[in-house]
Amino acid sequence: MKMKSFFLTFGCVLALTATGVFAASLSKTVAQINADASKEGGSAKVLESMSKSTGVPAASLEKQKSKTGLTYGDIFAAHSIAKASGKSFDEIVALKKKGQTWDQIAEANGVETGGKKKTASGPSPTPTPTAPQRRLPDEMKDRYK
């Protein structure tokens with residue numbers, strides 16, 4: 001009985017922890033990118049990594065950072081949300097400039113905080129009725145009369 005209680009408690013703690021980690025993943029990623037960029041020589045490494053991840057040239061990312069005044073982490077978040085939502089980088093940055101958080105922007109654009117497009121979770125389609133099927137023996141009887 002003690003083992004059963006232990007595994008039940010462990011499962012609940014694990015589920016709650018996973019939910020909290022998932023929700024904070026975007027903010028955590030932004031903070032981690034900014035921390036890496038602040039290290040000596042880190043900005044070049046961050047730009048290279050972001051370029052590979054987003055498909056945007058490093059020079060363009062640097063120009064966007066200068067133009068918008070956002071951090072490297074913010075630039076990455078904006079590109080990730082834009083790519084997943086099908087919107088432009090500038091549209092996403094405009095939302096950030098209005099004071100929305102990355103989580104709010106992602107939610108409003110149907111993007112999970114992990115950067116993927118949310119799937120529609122509406123009611124499942126109802127199957128269309130099909131005509132009654134004839135059984136093979138009945139088909140054969142009619143065919144070989």
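Criterion: ILVMFWY side-chain heavy atoms under 4.5 Å apart, direct or through other members. Under it, F76 and F89 are part of a common hydrophobic cluster. The cluster map of Ile, Leu, Val, Met, Phe, Trp and Tyr, joined by side-chain heavy atoms under 4.5 Å apart, puts L95 and L70 in different clusters.
Summarising the geometry of S51 relative to A58, their closest heavy-atom pair is OG-N, 3.6 Å, with the distance given to 0.1 Å.
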What's the verdict on side chain to side chain contact (heavy atoms under 4.5 Å, CB included) for I105 and V111, showing C-alpha distance, side-chain angles and the deciding distance? CA-CA 8 Å; I105 295 169; V111 177; over 6 Å; no
Before you tell me yes or no, could you show the steps for S27 and W102 under side chain to side chain contact (heavy atoms under 4.5 Å, CB included), namely the whole-Å CA-CA distance, both residues' side-chain angles and the distance that decides it to 0.1 Å? CA-CA 7 Å; S27 301; W102 289 121; 5.8 Å; no
Side chain to side chain contact (heavy atoms under 4.5 Å, CB included), that's the test. Do H79 and L61 meet it? Break it down for me. CA-CA 10 Å; H79 274 290; L61 293 170; 3.6 Å; yes
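The backbone N or O of V46 sits nowhere less than 3.5 Å from a side-chain atom of S49 that would complete a donor-acceptor pair. Listed for the N109 side chain is no donor-acceptor partner under 3.5 Å among the backbone atoms of S85.
Between E107 atom CD and I81 atom CD1 the span is 11.0 Å, to the nearest 0.5 Å. Atoms NZ and CG, on K65 and D74 in that order, are 9.5 Å from each other to the nearest 0.5 Å.
Counting only residues at least two apart or in different chains, ring-ring contact (aromatic ring centres under 6.0 Å, His included) contacts with residues 29-58 are absent. Pairs engaging residues 40-62 under the salt bridge (Lys or Arg N to Asp or Glu O under 4.0 Å) rule: E48-K52 [sequence neighbours left out].
More than 12 non-hydrogen atoms from other residues, nucleotides or ligands lie less than 6.0 angstrom from NZ of K97. By the 6.0 Å contact criterion, CD on Q104 is enclosed, its count of non-hydrogen atoms from other residues, nucleotides or ligands being greater than 12.
Residue I75 forms a side-chain contact (heavy atoms from CB on, under 4.5 Å) with just one option from V30, L47, T68, I33, and that option is T68.
Side-chain contact check for M50 versus V56: every heavy-atom pair is 4.5 Å or farther apart.
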